[in-house]
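This report refers to the structure that appears directly beneath it.
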Amino acid sequence: QVQLVESGGGLVQPGGSLTLSCAASGSILDIYAMGWYRQAPGKQRELVARFSSGSGTNYADSAKGRFTISTRNAKNTVALQMNSLKPEDTAVYYCNADIRDRRWRRDDYWGQGTQVTVSS
């Protein structure tokens with residue numbers, strides 16, 4: 001089995017910063033891409049930032065210049081550094097990964113989500 005676990009969410013004031021982390025574990029052979037999506041109440045889930053081995057990084061327009069996706073000093077882990085946070089960034093943030101497991105199955109996996117609330 002493959003599991004994604006997010007951490008780092010919380011309450012922050014507008015203009016503040018948070019860093020989210022996502023760790024993939026389990027029967028993993030390769031990770032081709034990892035990214036962050038978010039879903040606010042009443043809205044569809046949307047891409048925030050994504051990294052893939054073939055295409056590099058992609059960001060939502062709303063995240064460009066404020067958010068940075070990067071690897072961390074741990075195996076199968078990526079981080080999302082979020083700066084200059086706005087109330088409209090409030091959402092549940094989900095980690096997503098494109099993974100080949102040790103049974104040669106390639107699938108998308110999702111974490112449980114972590115709440116980010118930007119409010120004064």
Pairwise distance [atom1]([X]) to [atom2]([Y]) - rounded to 0.5 angstrom:
{"X": "F51", "Y": "N58", "atom1": "CZ", "atom2": "CG", "value": "10.5 Å"}
{"X": "L85", "Y": "S119", "atom1": "CG", "atom2": "OG", "value": "12.0 Å"}
{"X": "S62", "Y": "K86", "atom1": "OG", "atom2": "NZ", "value": "8.0 Å"}
{"X": "N76", "Y": "D30", "atom1": "CG", "atom2": "CG", "value": "9.5 Å"}
{"X": "E46", "Y": "Y37", "atom1": "CD", "atom2": "OH", "value": "11.0 Å"}

Quick one: does any side-chain atom of [X] pair with a main-chain N or O of [Y] as donor and acceptor, under 3.5 Å?
{"X": "T90", "Y": "V118", "answer": "yes"}
{"X": "Y59", "Y": "I69", "answer": "yes"}
{"X": "D101", "Y": "R103", "answer": "yes"}
{"X": "E6", "Y": "G113", "answer": "yes"}
{"X": "N83", "Y": "G16", "answer": "no"}
{"X": "Q39", "Y": "A91", "answer": "no"}
{"X": "R66", "Y": "S84", "answer": "yes"}

Does [X] [atom1] have over 12 foreign heavy atoms under 6.0 Å away?
{"X": "Q112", "atom1": "CD", "value": "no"}
{"X": "Q13", "atom1": "CD", "value": "no"}
{"X": "Q1", "atom1": "CD", "value": "no"}

Cation-aromatic face contact R102/W104, 6.0 Å, 45 degrees:
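Cation-pi check for R102 and W104: fails.
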State, to 0.1 Å, how close A49 and L80 come at their nearest heavy-atom pair, and which atoms those are.
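Of all heavy-atom pairs spanning A49 and L80, the closest is CB-CD1, 3.9 Å.
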Which heavy atom in A24 sits nearest to a heavy atom in I99, and how many Å separate them?
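Nearest pair, atom of A24 first, then I99: CB-CD1, 4.3 Å.
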Flag side-chain contact, heavy atom, 4.5 Å: [X] against [Y]:
{"X": "R38", "Y": "D89", "answer": "yes"}
{"X": "M82", "Y": "V116", "answer": "yes"}
{"X": "C95", "Y": "W110", "answer": "no"}
{"X": "S7", "Y": "T114", "answer": "no"}
{"X": "V78", "Y": "I31", "answer": "no"}
{"X": "S21", "Y": "T77", "answer": "yes"}

Check this for me, if you would: do K64 and D61 make a salt bridge, where the nitrogen-to-carboxylate-oxygen distance has to be below 4.0 angstrom?
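Yes.
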Determine whether V48 and V92 fall in the same hydrophobic cluster, where Ile, Leu, Val, Met, Phe, Trp and Tyr are linked whenever their side-chain heavy atoms lie under 4.5 Å apart.
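V48 does not cluster with V92.
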Can you get from L18 to F67 by hopping between Ile, Leu, Val, Met, Phe, Trp and Tyr side chains that sit under 4.5 Å apart?
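The answer is yes; both residues are in one hydrophobic cluster.
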Sole residue of V5, L4, N96 in side chain to side chain contact (heavy atoms under 4.5 Å, CB included) with C22
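For C22, the side chain to side chain contact (heavy atoms under 4.5 Å, CB included) check succeeds only for L4.
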Side chain to side chain contact (heavy atoms under 4.5 Å, CB included) evaluation trace for Y94 with R45
CA-CA 9 Å; Y94 296 91; R45 186 159 51 191; 4.1 Å; yes
